[in-house]
Number of protein chains: 2
Amino acid sequence: MQDTELHATVGERLRAVGQRYTPVRRAVVDVLVATARPVSMVELLDAGSGLAQSSVYRSLGVLEEAGVVHRMLGPDGLARHELAEALTEHHHHLVCTSCGTVEDVPASLRLEQTVARAVAQAAAATGFRPQTHRLDLVGVCARCD
Amino acid sequence: MQDTELHATVGERLRAVGQRYTPVRRAVVDVLVATARPVSMVELLDAGSGLAQSSVYRSLGVLEEAGVVHRMLGPDGLARHELAEALTEHHHHLVCTSCGTVEDVPASLRLEQTVARAVAQAAAATGFRPQTHRLDLVGVCARCD
DNA sequence: CTCAGTGCAAAGGATTTGCATGCCG
DNA sequence: CGGCATGCAAATCCTTTGCACTGAG
């Protein structure tokens with residue numbers, strides 16, 4: 001997706017939930033687009049020049065409600081944010097237990113099909129209503145190894 | 001695994017890392033065994049009669065280092081602990097976005113094989129050294145639905 | 001003018017740590 | 001005896017919230 005198009009989509013989604021696409025929110029989205037992996041608050045504050053911490057937290061909250069960003073928790077317990085899959089594509093994570101970094105890895109079709117089957121099975125057996133799934137590969141990244 | 005046997009194994013693992021199997025640690029393990037799903041700190045403190053919060057945190061830390069318990073973070077950002085898979089068996093999680101509860105679901109052989117393939121692929125492509133993986137099905141549990 | 005967005009500072013909440021005590025080895 | 005485990009309380013750290021200011025509509 002082109003950046004221009006993406007920003008337009010983000011704007012639409014925000015308006016859809018009665019929110020505006022403000023400078024801070026745009027700055028946050030820009031960082032997320034540029035990084036293309038779940039980023040921590042520290043990274044966001046470093047990258048987005050001069051943003052107030054609370055504003056970033058609030059922007060992320062709004063963007064999350066709008067379905068634009070997705071929040072996850074890294075192995076260190078710190079929150080990480082990335083663009084929602086609706087704006088990127090379904091992927092999984094390589095979680096480094098050494099440095100805490102989380103990288104994206106594209107999902108394979110075959111794997112997804114199998115997961116879908118497992119999901120359906122679990123749902124049928126337990127009454128659980130699945131919404132999405134997460135597959136994280138936990139280990140040590142090339143840089144720490 | 002029998003409880004007796006399990007406690008013996010836990011004791012061994014602790015000694016292997018130069019730690020003792022103390023009353024508090026045993027109490028914590030007892031709760032984890034009885035619950036058979038990731039439990040929050042609150043649940044641990046409620047279940048384990050009269051344990052000091054800090055002691056439980058410290059015990060969990062030691063047990064984690066010994067490879068006896070596994071720590072994860074629920075959708076609410078609160079830590080949850082369960083027995084490590086070496087002491088139970090490989091399984092996945094049903095994560096309820098409504099109440100934050102995490103339930104276990106056994107892993108299917110077929111799924112595991114596919115995942116293993118995906119893991120190997122990712123490792124080869126990125127230099128990532130995988131140690132384990134997590135598959136969480138996120139949705140709403142039967143009780144909240 | 002009105003109201004949402006922003007920044008700063010203070011509050012909140014889970015987790016960690018310092019320190020004194022008690023127990024096991 | 002010596003050292004680790006424990007409990008209590010204080011300290012940390014990430015995150016959230018209160019409040020006043022600013023800018024867009």
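Atoms considered below: every heavy atom in the structure, side chains included; atoms not considered: hydrogens, waters and symmetry mates. Per chain, numbering begins at 1; letters A, B, ... match sequence-line order.
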In whole angstrom, what separates Arg20(B)'s CZ from dG25(C)'s P? 6 Å

Could you check how far CG of Leu51(B) sits from C1' of dT15(C), rounded to whole Å? 17 Å

Between C1' on dT16(C) and CD on Glu65(B), what's the gap in Å once rounded to a whole number? 14 Å

For dT6(C) and Ser54(A) - does any side-chain N or O of the residue sit under 4.0 Å from the phosphate oxygens OP1/OP2? no

Interatomic distance, Arg15(B) CZ vs dC4(D) C1' [rounded to whole Å]: 16 Å

Could you please name the option among dT15(D), dT6(C), dA4(C) that lies closest to any side-chain atom of Tyr57(A)? dT15(D)

His91(B) and Glu103(B) side chains, donor-acceptor separation under 3.5 Å: no

Please give, in whole Å, the distance from dA14(C) C1' to Asp76(B) CG? 11 Å

Any base atoms under 4.0 Å from Gln53(B), or only sugar-phosphate, or nothing? Heavy atoms, all strands. base

Rounded to whole Å, the CZ-P distance (Arg26(A) to dG23(D)) equals 19 Å

dT16(C) OP1/OP2 closer than 4.0 Å to side-chain N/O of Arg58(B): no

Counting any heavy atom closer than 4.0 Å, what does Leu78(A) reach on the DNA or RNA strands: base, sugar-phosphate only, or nothing? sugar-phosphate

So which heavy atom on Ala66(A) is nearest to which on Val17(A), and how close? CB-CG2, 3.9 Å

Does the side chain of Leu73(B) reach to within under 4.5 Å of the side chain of Arg80(B), using non-hydrogen atoms? no

Out of dT6(D), dT15(C), dT6(C), minimum distance to the side chain of Ser55(A) belongs to dT6(C)

Nucleotide dG13(C), atom P - distance to CG of Leu45(B) in whole Å: 17 Å

In whole Å, what is the span from the OH atom of Tyr21(A) to the P atom of dA24(D)? 17 Å

Pairing of Arg37(B) and Glu43(B) as salt bridge, 4.0 angstrom limit: yes

Ala52(B) has a side chain; which of dG5(C), dT15(D), dC8(D) sits nearest to it? dC8(D)

Under 3.5 Å, is there a donor-acceptor pair between the His92(B) and His133(B) side chains? no

